[in-house]
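Read through the structure below, which is laid out as structure tokens, and then see the notes.
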Amino acid sequence: MRILLIGPPGAGKGTQAVRLAEHLSIQHISTGDLFREHIARDTQLGRNARARIRVGRLVPDEVTIGVVTERLARPDTEPGFLLDGFPRNLAQAEALDGILADSQSQLDAVLDLELPEAEVVRRIAGRRVCRQEQAHIFHVDFDPPQVAGACDVCGGELHQRDDDREATVRKRLEVYRSETAPVVDHYQAQGLVTAISALGQVQEVLDRALAAIGQDRGELRA
Ligand code: AP5
């Protein structure tokens, strides 16, 4: 399956993407995670991306599209993929249309996670991520680790992301409204979008996402 997850910052895309990709045995590709890996390795791309990410702006399209094109060309995406955080504007959506056309493949579904802004702010304020493996995501109130400050999965140190400061979150929400919301219309015109409420427990949201793609927990692979 080839799936896109769209939604405002903090809606729970990463949280759901990890679970969906594991259950469907497909690759989870998060552009935010790819950029943060470059930043951690202090590559040239990472240094350029960091300046944008810190202030809540998008990384330039040519860089982002290049990173995704290279990632989607790897053979491990042949059984399918789940894109989290890409495309984020119309130029990126059109680039993805081209990549899919070139490989004679198509998307199966676009899941649009909806969450009121007050809840977005609560989720982001309490988010803690693992320094060793950023797909390990916790929340100080909603999903606390067993030992404060340590990742339950690998023991890595938990920290708050640089771009989770209040002023940056405001900017990210603004960018989402102006640049990313039109991407939903782009895919609505292709009949691919299912809106999903991201309110409620992680498992409840996962059940809604699975139902939207014609799966339920009973059909999941071990
Ligand atoms: P990115 O990393 O993609 O950030 P984002 O889209 O802003 O999304 P987040 O990672 O903040 O949130 P999420 O929806 O994944 O929520 P999560 O699961 O963590 O991008 C970061 C930056 O990189 C961008 O601002 C941009 O600069 C750049 N970038 C990335 N992609 C780009 C692109 N395509 N083009 C250009 N630039 C790009 O959950 C949040 C919290 O809530 C967690 O603490 C979690 O534990 C908790 N939680 C999750 N679900 C629930 C629930 N159901 N109930 C209670 N708590 C929950």
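Atoms within each ligand, like the ligands themselves, are counted from 1 in listed order. Because the structure is predicted, anything quoted here is derived from the model rather than measured.
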Residues Gln16 and Arg19: side-chain donor-acceptor under 3.5 angstrom: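 No.
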Asp97 and His186: side chain donor to acceptor below 3.5 Å: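 Their side chains do contain a donor-acceptor pair, which is all the 3.5 Å distance test asks for.
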Looking only at non-hydrogen atoms, which of [options] approaches [atom] most closely?
| atom | options | answer |
| --- | --- | --- |
| atom 57 (C) of ligand 1 | Arg123, Arg52, Gln92 | Arg123 |
| atom 28 (C) of ligand 1 | Val169, Ile53, Val63, Leu206 | Ile53 |
| atom 37 (N) of ligand 1 | Val140, Val202, Val59, Ile124 | Val59 |

Considering only heavy atoms of [X], which atoms of ligand 1 have at least one such atom less than 4.0 Å away?
| X | result |
| --- | --- |
| Arg57 | 26 (C), 27 (O) |
| Gly14 | 13 (P), 15 (O), 18 (O) |
| Arg36 | 2 (O), 21 (C) |
| Phe142 | 55 (C), 56 (N) |
| Ala11 | 14 (O), 16 (O) |
| Asp163 | 21 (C) |

State if [X] counts as touching ligand 1 under the rule of any non-hydrogen atom under 4.0 Å.
| X | result |
| --- | --- |
| Gln16 | no |
| Arg161 | yes |
| Gly56 | no |
| Gly200 | yes |

Geometric N/O contact Phe138 with ligand 1, under 3.5 angstrom: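 Yes, there is a polar N/O contact under 3.5 Å.
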Presence of salt bridge, Glu166 and Arg170, under 4.0 angstrom: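 Yes, charged N to carboxylate O under 4.0 Å.
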